[in-house]
Amino acid sequence: MKEILVNNIEGIKIGNAQNLEGPTGCTVVICEEGAAAGVDVRGGSPGTRETDLLDPVNLVDKIHAVVLSGGSAFGLDAASGVMQYLEEKNVGFDVSVTKVPIVCSAVLFDLIIGDHRIRPDKAMGYEACKNSETNKISEGNIGAGAGATVGKILGPHNSMKGGLGCYAVQVGELQVGAVIAVNCLGDIIEPSTGKIIAGALNENKKTFADTEEIMISRYSEKKNLFSGNTTIGVVITNGKFTKSEMNKIASMAHNGYGRAMRPAHSIFDGDTIFTMSTGKIDADINVVGLLAARVVEQAVVRAVKNAEGILGYKAYSDMF
């Protein structure tokens, strides 16, 4: 098994656009030929678009893009720009008078950082598509990770900068990769050591408070912790799978969240993973599922390790 760039997966293009005055942004993963797709929404506060289409009982069997966006529910508007871009390229589901691009989306809550009036819109979504033409991979404070933060149990002043992370592997001809925007309530864990590498800070801003231990100690409070959460992402493979199988792979991929974020899937997070398959080679669903969890885990870690401090939020590089 070797590490590759996620944009090395044939048929996939990835683009980012952001406004650092927000800061906020969006990330688009495009498959113009159409990709078999699935989704698994585990968090209790999701913001999504076109997820019902991915139910195996429904008609459409391929999608053309997934958009990850900041801006909370306002950020769903970015998908309209992606639809415009793809329609201009004659990409989509043929309805005789035009082609309707099938664009799925999930959003994260970043309104609390910076200027909440700035959020991803149709123009930003279109810009991300244009930027995908260079197919350049960037991480950290970019795209949907521009305004992402982590470790919010003690409020925004004790949280740290999250970001966008990418990771992919290849085994023989099989390729599996992930693009993840990390914006969780909990802490980020280095899976190889079990140590916290980003998350809620103590008042000295030099040591970690440990979100899970704080939550356990406050078990009776029933506090609304909705201060801006949700980790969203896309797993991409060149394996050949049905829509039903892609939904199962999305479920298995969530193990990566569980390994790298503590806690994951809280009622205050909208944790969501989409899956996209370009259908180039035969592959075992169990192997792709376990590799999906691995690449998600590493993409989460890379998101925080590549983030930079902004607006008073410390980053991994400030702590280590």
Side-chain angles (χ1 to χ4, degrees), residues 5-7 14-29 66-72 74-75 78 106-121 123-125 127-132 134-152 156-167 177-188 190 196-201 205 227-234 260-261 269 296 298-320:
L5 295 175
V6 69
N7 59 346
I14 299 170
N16 295 289
Q18 56 282 320
N19 184 336
L20 295 181
E21 292 181 12
T24 191
C26 63
T27 299
V28 61
V29 180
V66 169
V67 185
L68 309 176
S69 180
S72 190
F74 297 109
V107 295
L108 56 82
F109 188 102
D110 58 5
L111 300 179
I112 203 166
I113 176 172
D115 188 345
H116 72 276
R117 296 167 298 181
I118 298 173
R119 65 279 299 243
D121 56 12
M124 189 180 286
E127 180 187 353
C129 292
K130 295 293 289 183
N131 291 339
S132 76
T134 64
N135 210 20
K136 179 183 176 183
I137 293 297
S138 299
E139 297 175 285
N141 298 13
I142 194 163
T149 53
V150 301
K152 303 165 196 179
H157 297 297
N158 294 77
S159 59
M160 286 180 63
K161 189 68 183 70
L164 186 76
C166 304
Y167 190 78
V179 180
I180 310 289
V182 181
N183 186 65
C184 57
L185 169 72
D187 302 324
I188 305 303
E190 177 66 73
I196 299 173
I197 59 172
L201 297 172
K205 303 295 180 71
S227 55
N229 312 307
T230 296
T231 295
I232 52 179
V234 190
M261 302 188 304
D269 291 288
V296 166
Q298 291 302 313
V300 169
V301 171
R302 289 182 62 87
V304 297
K305 286 188 173 181
N306 285 286
E308 298 175 4
I310 188 172
L311 297 177
Y313 288 84
K314 280 193 168 186
Y316 170 86
S317 59
D318 299 315
M319 300 293 291
F320 296 93

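Position 1 is the first residue of the sequence, and the numbers go up from there.
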Which residues pass the side-chain contact (heavy atoms from CB on, under 4.5 Å) test with [X], not counting sequence neighbours?
{"X": "Ala128", "result": "Ala17, Cys26, Val28"}
{"X": "Ile137", "result": "Val6, Asn7, Ile14, Cys166"}
{"X": "Ala299", "result": "Tyr167, Ala178, Ile180"}

Item to check | Results of side chain to side chain donor-acceptor pair (under 3.5 Å) for Asn141 - residues two or more places apart only | outcome: none
Less than 3.5 Å apart, which donor and acceptor atoms pair up between the side chains of residues 157-164 and the rest of the protein, not counting sequence neighbours?
from   : atom 1 : to     : atom 2 : distance (Å)
Asn158 : ND2    : Leu201 : O      : 3.0
Asn158 : ND2    : Glu203 : OE2    : 3.2
Ser159 : OG     : Pro156 : O      : 2.8
Lys161 : NZ     : Gly145 : O      : 2.8
Lys161 : NZ     : Ala146 : O      : 3.1
Lys161 : NZ     : Ala148 : O      : 2.9

Of all heavy-atom pairs between [X] and [Y], which one has the smallest distance, and what is that distance?
{"X": "Leu311", "Y": "Pro23", "result": "CD1-CD, 3.6 Å"}
{"X": "Gly165", "Y": "Ala303", "result": "N-CB, 3.4 Å"}
{"X": "Val301", "Y": "Ala260", "result": "CG2-CB, 4.5 Å"}
{"X": "Ala144", "Y": "Leu108", "result": "O-CD2, 3.5 Å"}
{"X": "Ala78", "Y": "Ser69", "result": "CB-OG, 4.2 Å"}

Residue list, salt bridge (charged side-chain N to carboxylate O under 4.0 Å, His left out) with [X], at least two apart or on another chain:
{"X": "Lys205", "result": "none"}
{"X": "Lys314", "result": "none"}
{"X": "Asp318", "result": "none"}
{"X": "Glu308", "result": "none"}

Checklist entry - Which side-chain hydrogen bond (donor to acceptor under 3.5 Å, both in side chains) pairs, counting each pair once, include a residue from residues 14-25, with sequence neighbours left out? => result Asn16-Thr27, Thr24-Asp110
Give, for atom [atom1] of [X] and atom [atom2] of [Y], the distance between the pair rounded to the nearest 0.5 Å.
{"X": "Phe109", "Y": "Thr149", "atom1": "CZ", "atom2": "OG1", "result": "9.5 Å"}
{"X": "Leu111", "Y": "Ile113", "atom1": "CG", "atom2": "CD1", "result": "11.0 Å"}
{"X": "Asn306", "Y": "Ser138", "atom1": "CG", "atom2": "OG", "result": "9.5 Å"}
{"X": "Leu68", "Y": "Asn183", "atom1": "CG", "atom2": "CG", "result": "12.0 Å"}

Checklist entry - Who are the ring-ring contact (aromatic ring centres under 6.0 Å, His included) partners of Tyr316, not counting sequence neighbours? => result Phe320
